[in-house]
Amino acid sequence: MNKLEQYIKENGKVINGEILKVDTFLNHQVDPALMKEIGENFYNYFKKYPINKVVTIETSGIAPALMCAACFGVPMVFIKKAVPSTMSDAYHAEVFSFTKNKTYHISVSKEFLSENDHILFIDDFLANGEAFLGVENICKEAKATIEGVGIVIDKAFQKGHQKIIDKGYDLCSLAQIAALDENGVHFLKEQ
Ligand code: 5GP
């Protein structure tokens, strides 16, 4: 997606050669027009599947996931990073965070995920695929079907991309990064 790559080139900041900061349009301040286009791109790619729910993990996946869910006309469910006291019956998984270097707990109420669901997982970044593995475990427990994986910024030089492909999932990444270094961001190919 050319516009997204342009935004990344103009606004992205590389930290320690492996983390990309995009706080101006995705991770802190959010650009609604760009999110709308991102949602439409995912919709156009995944509309061939019988998706009835778009799933993400809070926080930064919510904006693109919501825009995509609006295109499908289906609910968006965000998996929570903490277990609220109000959530009694839930599916749980552990996720190792690449950026925070620690393991955290994710959970979703059993009310919102079941064997009848055909889900599209959307996330802001793909690094080592740990967040996806947590979501996959939760979907397995709920017997929900993952129809596809939509990633806004895929750091293809890390392990997650190949892991998801090797598992046989249909992966759509709107920007694929080949490398991050002191000169900035190098894209793998234009989407
Ligand atoms: P993974 O689970 O694939 O190892 O990492 C993906 C998750 O870590 C994303 O949900 C995102 O929150 C965070 N993440 C990974 N790499 C980056 C990065 O370069 N920049 C930002 N802002 N978040 C990242």
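For this chain, numbers begin at 1 and follow the sequence in order. Indexing begins at 1, ligand by ligand and atom by atom, following the structure's order.
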Test side-chain hydrogen bond (donor to acceptor under 3.5 Å, both in side chains) applied to K155 and Q158, step by step: CA-CA 6 Å; K155 294 189 296 175; Q158 292 184 266; 2.9 Å; yes
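The pair K36-E40 meets the salt-bridge criterion, since a charged nitrogen lies less than 4.0 angstrom from a carboxylate oxygen. Using a cut-off of 4.0 Å between Lys/Arg side-chain N and Asp/Glu carboxylate O, K167 and E136 are scored as salt-bridged.
Under a 3.5 Å cut-off, the side chain of K80 and the backbone N or O of E58 do not form any donor-acceptor pair. Between the side chain of E94 and the main chain of G134, no donor-acceptor pair closer than 3.5 Å is present.
Here's the thing with F132: none of its N/O atoms is less than 3.5 angstrom from an N/O atom of ligand 1. The shortest N/O to N/O separation between K155 and ligand 1 falls below 3.5 Å.
Every ring-ring contact (aromatic ring centres under 6.0 Å, His included) that H105 has, sequence neighbours left out, goes to H92. Judged as a side chain to side chain donor-acceptor pair (under 3.5 Å), and not counting sequence neighbours, E141 has no contacts.
Listed by atom number, the atoms of ligand 1 under 4.0 Å from A131 heavy atoms are 2 (O). Near N27, with a cut-off below 4.0 Å to any heavy atom, the atoms of ligand 1 are 22 (N). Using a 4.0 Å cut-off to heavy atoms of L126, the atoms of ligand 1 that qualify are 3 (O).
Of all the heavy atoms of Q158, none lies under 4.0 Å from any atom of ligand 1, so neither backbone nor side chain is involved. If you look at F125 next to ligand 1, the close heavy atoms, those under 4.0 Å, come from the backbone and the side chain alike.
Using a 4.0 Å heavy-atom cutoff, G129 is listed among the residues neighbouring ligand 1.
In the candidate list D123, N128, T99, D123 is nearest to atom 10 (O) of ligand 1, counting heavy atoms.
Distance from atom 5 (O) of ligand 1 to its nearest protein heavy atom, with residue and atom name: A127 CB, 3.5 Å. The nearest heavy-atom contact from the protein to atom 12 (O) of ligand 1 is D124 OD1, 3.6 Å. Regarding atom 20 (N) of ligand 1, its nearest protein heavy-atom neighbour is L20 O, 2.8 Å.
By the 4.5 Å heavy-atom criterion applied to side chains, F112 and V55 are not counted as neighbours.
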